Every structure is written in C-alpha cells, then in structure tokens.
Amino acid sequence: MPNIVVVGAQWGDEGKGKVIDLLTERTDLVVRFQGGNNAGHTVVVGGREFIMHLIPSGILHRGKFCIIGNGVVVDPAVLLEEIEGLRKRGIEIDHNLGVSDQAHLIFPYHRALDKLKEARVGPGKIGTTGRGIGPCYTDKAARVGIRVADLLEDDLFRRKLRMNLEEKNALFSKLYQAPTFQFEPIYEEYRGYRERIAPYVINAPMVLNRAVAEGKSILFEGAQGTWLDIDHGTYPYVTSSSATAGGACVGTGVGPTRIDQVIGVVKAYTTRVGEGPFPTEFPPPLMEQIRSKGKEFGATTGRPRRCGWFDAVLVKQAILVNGITEIAVTKLDVLDDSPRVSICTSYRLGGKILESPPAAIDLWGKMEPVYEEHPGWLMDTSQVSCFEDLPPQARRYLKRLEDLLRVKISIVSVGSKREQAFHV
Ligand code: GDP
Ligand code: IMO
Ligand code: MG
C-alpha cells in the first residue's frame, strides 16, 4: 500500500477517524502529525464506540505501529488516561505505540491561558476547545516550549519549567489578575509522568524513515481540517497547527518525496464547532433536523456543531492546498430525509461572483452563497454496500460533487459503523 496522508477538507469532524480505521487494515504504521487532544476521532467497531484524542485511530487494529509525531502537542495526563482507557477495553497497547521525543508538552498553565485569553476577548473569542493547544504552540514558536525529550532529563526539565513559570506567572498576575502556578506541584506531577511515558519515547523520524526504506507503508492521520489550518484556514478562527497535507512532512520528519497520495475527507454537508464564518450555515429548523439526525455534537467538548450545506468552493480550495488525489464522502445517510439538497458553487459579494473566498475575514460575513439545488433521495442508504445500489438521486449528487471538485470519490460512508462504508 502507498504512503497516504488523510486530511479533513472542511472544518474538522469530517469522519477522519472512521476513514483511518478503514485504511489501517492495509497499512503498517499510522502517525498523527499535528494538533493534540483538541481532536476527537470516532471509530465504531462491533457496536463499541472509541473516541481517540491523541493516539492514532489505527491502534484498534492489532499489529500496526502507531506514532504520535513531533508536530503533535501532548498533554501527558490525557495520553496516559487514553492508554489506560483503551487497555481497560481490551485494546493492546505495548510495543505498538511510540511518542516522538520532539513533541511538545502541554502544561496546566497552557490550559489556563487558553481559557483566560478566550474570556478576555469576550465576543471576539475563537471558541477553542480549552485544551491549551494554542498557548503550547505559541511557546513552541517562541522557542521556550518543553519537549518530551526535556522531560526525560531532570536538570534540563527543572530549568525550563522554572523559566516558563517565571514568564507565565507575570502574565497571570499582571495581565489577567489570575492565580499563579507553583513550581513544585507541577514538577512532581510531571516527574510522575516521566517514568510512565518513557517506555514509549522514540526517535520518530528514524523509525518512520526506516520503515519506508523497508518497504512498509505509512498512514498519516490528520486532525482538525483545512479550514482550521493556521495558514490556509479562516484565520484567526483556526487552530494553531498545520492541519493540511504539508503538515504531515513537517510533523513527522518524513520528506514530501515519500508521500504517494492525499485523501481528503468531507461530510456530504458541512459542520463547524466554535466561532468563525460559515457561509452555508443552515437556518434554525434545518439546523436542528440535521444536527439531530447526524448526532452533530463535538466528540471532544460535547458542544453542538453548527451545520450547513456542502460548500464546494471551500472544498475545491482544500483540494488545491492539500494536493488531494481522492475524496472520502461520509455521512451521506444523514441527508436521507431531505427532500432537496443544495451545494454552494460560488459566493456573491457586492454584485461580484467569487470562485474562491477572500482572505480578509470581515468580508466573509458579507458574502452570500450561490446554491444549486438537487432533488433528495428520500430513502434509507444506511444499509447500502456499493455505489450502484445507492438511490439514483444520491448517485447523481455524488457525481455532481465529483464534477465540481474534479477529483474522484473513492470511499463513501453511510453510517458510523466500520461496515457502513464502501470503496468506489
Ligand atoms: P473526525 O474528527 O474527523 O474523526 O470525526 P468525528 O469522529 O469527530 O465526527 C464524526 C462523527 O460522525 C462520529 O460520531 C462518527 O461516528 C460519525 N460518522 C462517521 N461516518 C459516518 C457516516 O457515514 N454516517 C453517520 N451517520 N455517522 C458517521
Ligand atoms: P478533529 O480532529 C472540529 C476548533 C475549535 C475552535 C478552533 C480552535 O476532531 O476534527 P483549539 O482548541 O484547536 O485552539 O480551537 O478549532 N477545533 C476543532 N473543530 N474538530 C476538531 O478536531 C477540532 N479541533 C479544534 O472548536 O473553533
Ligand atoms: Mg472530531
């Protein structure tokens, strides 16, 4: 099997976990390359639901080596809890998990800063997951971050933690008038994590590139989605990492010449959690209907997801910036009860038609989506197991998406279970 990058082509929660689970069968290694426990990737196997936040979704398949790459920000408490939680449910985690020694660690002050920053900006907030992701990446870029490797070296760890606390505590007390953090409790807590995490720590670029040299295949598991990407998303309403395909190289140490394919995952409609523009967002009655049918509540925070029609303008741009070669369409079944389905094909802004969205975020609120309408199929698709058995209107809808996006749909998903999907 080739080396494949799987990315979200919308605003996250496209069903990447499910697609990774399907593809893992044919691969040797699965690696997360960015984000942290802001992600929630759901896989439903044998009637049991697993939600992965940090560990690659491939872990549910025995004998596959799963890696948390250098581009990921790791909250050690969450990682250890996830390992234990999976073990309790009978999932083997032993020599099949590796954590990059270059991955950055999330600390309690990152989580506190995340929440304080959001509270301070009030209405202009991003609606983050509050997991400390942004502040941790901020420290990484500011070159003061603490990495997994630093945790293993006691003197280095003490020094870096002290230095960080000095700076952060000044912020907490002076800017936010909030409680400060003491060195000892954090040091002791993280020293406890050291021994438990040490067995998993690896030189990930070495392991991954050796695997490539041995002819093994790698699946790169993206988190979030293209429109949440720090460069290509709806900035500033984005996450703080590179959720696009380029991030797979930076976040793992595997070079671009080793990547064979990029699969973009999209829902048959669109969702978004948190704040920020959303041109095709449904009006209230339709919102409620799709949200309840699609169970659109965040896998990480439980927040209701905002829902809207499929936005082909945004997905087209996602195809460009990721170099997407194939698309997986999920949640087709959620549209089963809709008498009509719409696709946004361009935007109207002040008498002009836009084929791509503007970079200036203020203009997004002034754009009107231009839709084409298609008849719905009004049939249950959740038991369909091949493209030919889909109702003709559903086939036409998917074909129309292929025409508009100029890329092949290779996987269709019609339910949350592992069996409810087929290759096209
Ligand atoms: P991810 O973050 O991209 O991995 O996606 P999430 O797991 O956050 O959200 C996708 C949700 O949709 C999960 O609850 C999945 O179980 C569910 N799901 C995935 N594919 C399908 C599908 O084809 N139909 C339905 N009805 N649910 C799906
Ligand atoms: P998966 O991998 C959907 C959103 C948050 C917020 C913004 C910034 O499951 O698709 P952050 O905590 O990252 O600083 O929040 O990004 N967000 C997600 N939305 N799915 C995700 O992950 C997300 N991870 C972050 O809601 O709007
Ligand atoms: Mg999710």
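Model, not experiment: these values are computed from the prediction. Counting starts at 1 for both ligands and their atoms, following the listed order.
- Within the structure, the closest approach of Gly40 to ligand 2 falls below 4.0 Å when heavy atoms are considered.
- Those atoms of ligand 2 with a heavy atom of Ile126 less than 4.0 angstrom away are 8 (C), 27 (O).
- If you look at Val414 next to ligand 1, the close heavy atoms, those under 4.0 Å, all belong to the backbone.
- Counting the atoms of ligand 1 from 1 in the order shown, those under 4.0 Å from a heavy atom of Gly17 are 4 (O).
- The number of heavy-atom neighbours closer than 6.0 Å to CG of Asp362, taken from other residues, nucleotides and ligands shown, is 12 or below.
- Between Lys18 and ligand 1, a contact under 3.5 Å exists for no N or O pair.
- Rounding to the nearest 0.5 angstrom, the gap separating the CZ atom in Arg147 from the CG atom in Asp139 is 13.5 Å.
- Every N/O-N/O distance between Ile133 and ligand 2 stays at or above 3.5 Å.
- Leu354 and Ser346 get closest at one heavy-atom pair: O-CB, 3.3 Å.
- Val30 is not listed as a side-chain neighbour of Ile218, based on a closest heavy-atom distance of 4.5 Å or more.
- Considering backbone and side-chain atoms together, Ala299 places no N or O closer than 3.5 Å to any N or O of ligand 1.
- Closest heavy-atom contact between Ile259 and Cys249: CG1-SG, 4.0 Å.
- Proximity of the aromatic rings of Trp364 and Phe278 is defined here by a centroid distance below 6.0 angstrom, and this criterion is not met.
- Among all non-hydrogen protein atoms, the one lying nearest atom 23 (C) of ligand 2 is Gln224 CG, 3.7 Å.
- The two residues Arg87 and Ile93 have their closest heavy-atom pair at NH2-O, 2.6 Å.
- Judged by distance alone, the side chain of Asn38 and the main-chain N or O of Thr129 form no donor-acceptor pair under 3.5 Å.
- At a 4.0 Å heavy-atom cut-off, ligand 1 touches Arg305 through the side chain alone.
- Proximity to His41 (heavy-atom distance under 4.0 Å) selects the following atoms of ligand 1: 1 (P), 2 (O), 4 (O), 7 (O).
- Because its NZ or CZ atom is not both nearer than 6.0 Å to the ring centre of Phe297 and within 45° of the ring axis, Arg303 does not count as a cation-pi partner of that residue.
- Ligand 1 has a nitrogen or oxygen under 3.5 angstrom from a nitrogen or oxygen of Asp13.
- Residue contacts with ligand 2 include Gly127, since one or more of its heavy atoms lies under 4.0 Å from the ligand.
- Ring pair Trp377/Tyr397: centre-to-centre distance below 6.0 Å.
- Contacts with ligand 2 closer than 4.0 Å are made by no heavy atom of Arg131, backbone or side chain.
- No more than 12 heavy atoms of other residues, nucleotides or ligands shown are found within 6.0 angstrom of CZ on Arg26.
- Nearest protein neighbour of atom 12 (O) of ligand 2, counting heavy atoms only, is Thr129 OG1, 2.6 Å.
- Annotation: the span from Asn37 atom CG to Ile55 atom CD1 amounts to 11.5 Å, rounded to 0.5 Å.
- Protein heavy atom closest to atom 15 (O) of ligand 2, with residue, atom name and distance, is Thr128 CA, 3.3 Å.
- A salt bridge links Lys16 to Glu14: one of the charged nitrogens lies within less than 4.0 Å of a carboxylate oxygen.
- Within a 6.0 Å radius of CZ in Arg258, no more than 12 heavy atoms belonging to other residues, nucleotides or ligands are found.
- Taking every heavy atom of Ser413 and a limit of under 4.0 angstrom, the matching atoms of ligand 1 come to 20 (N), 21 (C), 22 (C), 23 (O).
- For ligand 1, the atoms sitting less than 4.0 Å from at least one non-hydrogen atom of Lys16 are 1 (P), 2 (O), 3 (O), 4 (O), numbered in the order shown with element in parentheses.
- When each atom of ligand 2 is checked for a heavy atom of Ala223 under 4.0 Å away, the hits are 2 (O).
- Nearest approach of Thr252 to Ala248, heavy atoms of both residues: OG1-O, 2.5 Å.
- In terms of protein heavy-atom proximity, atom 20 (N) of ligand 2 is nearest to Asp13 OD1, 3.1 Å.
- Looking at every heavy atom in both residues, Cys66 comes nearest to Pro56 through CB-CG, 3.8 Å.
- Under 4.0 angstrom from ligand 2, there are no non-hydrogen atoms of Tyr237.
- With a heavy-atom cut-off of 4.0 Å, Val238 touches ligand 2 through its backbone alone.
- For atom 13 (O) of ligand 2, the nearest protein heavy atom (residue, atom name, distance) is Thr239 OG1, 2.6 Å.
- With a 4.0 Å heavy-atom cut-off, ligand 1 is reached by the side chain of Asp333 but not by its N, CA, C or O.
- When hydrogens are left out, the protein atom nearest atom 27 (O) of ligand 2 is Val273 O, 3.1 Å; that is the closest non-hydrogen contact.
- Residue, atom and distance of the protein heavy atom nearest to atom 26 (O) of ligand 2 are Arg303 NH2, 2.9 Å.
- Not a single N or O atom of Ala39, backbone or side chain, sits closer than 3.5 Å to an N or O atom of ligand 2.
- Between the side chains of Asp311 and Tyr347, at least one donor-acceptor pair of N or O atoms lies under 3.5 Å.
- Protein heavy atom at the shortest distance from atom 4 (C) of ligand 2 is Leu228 CD1, 3.9 Å.
- With respect to Glu296, the salt bridge (charged side-chain N to carboxylate O under 4.0 Å, His left out) criterion is satisfied by exactly one of Lys331, Arg272, Arg291: Lys331.
- Less than 4.0 angstrom separates some heavy atom of Trp11 from each of these atoms of ligand 2: 3 (C), 19 (N).
- Ligand 2 has at least one atom lying under 4.0 Å from a heavy atom of Lys16.
- Minimum heavy-atom separation, Leu86 to Ile59: CD1-CG2, 4.0 Å.
- In terms of polar-atom proximity, Asp114 is not counted as a contact of ligand 2, lacking any N or O under 3.5 Å from an N or O of the ligand.
- Counting the atoms of ligand 1 from 1 in the order shown, those under 4.0 Å from a heavy atom of Val334 are 26 (N).
- Within a radius of less than 2.8 Å around the Mg ion (ligand 3), the protein N, O or S atoms are Asp13 OD1, Gly40 O.
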Kindly determine whether Asp333 and Ser382 satisfy side-chain hydrogen bond (donor to acceptor under 3.5 Å, both in side chains), including the steps that lead there.
CA-CA 6 Å; Asp333 55 298; Ser382 66; over 6 Å; no
